[in-house]
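Whatever order the structure lists them in is the order used to number ligands and atoms, beginning at 1. The figures here come from the full heavy-atom set of this structure, side chains too, leaving out hydrogens, waters and symmetry mates.
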Amino acid sequence: MEENKKRMLSGIQPSGDLHLGNYLGAIKNWAERVDDYECYYFMADMHTITVRQVPADLRKRSLNQLAQYIACGLDPEKNTLFLQSHVPAHAQLGWVLDCYTMFGELSRMTQFKDKSAKHKDNINAGLFTYPALMAADILLYQADYVPVGEDQKQHIELTRDIAQRFNSIYGDVFKIPEPLIAKTGARIYGLTTPNDKMSKSIPEGCVFIMDDPDTINRKFKKAVTDSDTENPVRFAPEEKPGVANLMNIYSTVTGKSFEEIEAEFAGKGYGAFKPAVAEAVIESLRPIREEAERLIKDKAYLEDVYRKGAERASYIANKTLRKVYKKVGFYQI
Ligand code: TRP
């Protein structure tokens, strides 16, 4: 990998299967940037246990997610793909950064507030300090850019604050990362909840990349639209969020502009539009699903990928960690 390229890093928690929102809104864009950046993408398995998991499921989902990353176009020869828990430096720097992150800052994180409201019986310390671990994930690699959804912006801002605080005490240790927030166009909403982003917690409105064609058809059939019969297929996100979401999905998978889509469905209703969107999605996901199914069976290959990924990631991460340990005053071996 070339030294002069800017670094890009992101992660997704293996807390469920990857869906169309992850693919169209994130991974597809990551894959397209591979030649311009030095890229690191990981399964954030350590973050996942802030909420109780079934161990066997987590293990399986972590490996499946790796297979799905690759099937979505992340070439492991060109991107460093790894499991967070395979690189101990994340936990090690995470602890140090815990000591440079304020209780008040963590208390203001909206994701913490939301998740602790949702899991009242398990408001654990890890859930609270999660953003310091996330800061470690990013700062270890001296990442320039972190592509994330809008919901993670606050965590990236905190990461920058922690990095600046640390640097102001010890000199230039960390690169200050920039968030890359997906444009609205890349944002995919739930099919049944077109005002909220697509989420695995509402499975009936969520198209998983491993869904079979019948399931995808059924989900699009139930997609929320509106009662407009006059001029139904037109792009008006405020007034017609469900239709705008379907148009956005259709446009992203086919490459057609909104004008072209409006022309294609002029005088036609949702009875024609929805199956067309479903069909386009099925065709774009088919090769991904088939490739992921093939890779999931090839355990030896996946093992080779995550081992090499962990090795490459550790090399960079340990360099930063050594510097940090020295700066804070840990005695060197
Ligand atoms: N917190 C992110 C999420 O829930 C996942 C994540 C963990 C992450 N560490 C990261 C994303 C570092 C970007 C960079 O979506």
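- In this structure, ligand 1 sits under 4.0 Å from heavy atoms belonging to Leu9, Ser10, Gly11, Gln13, Phe42, Ala44, His47, Tyr130, Met134, Asp137, Ile138, Val146, Val148, Gln152.
- Note that the CD atom of Gln68 and the CD1 atom of Ile209 stand 4.0 Å from one another [nearest 0.5 Å].
- Put simply, the side chain of His19 gets close to the backbone of Asn22: a donor and an acceptor are under 3.5 Å apart.
- The backbone N or O of Pro237 lies less than 3.5 Å from no partner atom in the side chain of Glu239, so there is not a single donor-acceptor pair.
- Residues satisfying the ring-ring contact (aromatic ring centres under 6.0 Å, His included) test with Tyr315, not counting sequence neighbours, are none.
- A salt bridge links Asp304 to Lys308: at least one charged side-chain nitrogen sits closer than 4.0 Å to a carboxylate oxygen.
- Atoms CD1 and OH, on Ile333 and Tyr325 in that order, are 10.0 Å from each other to the nearest 0.5 Å.
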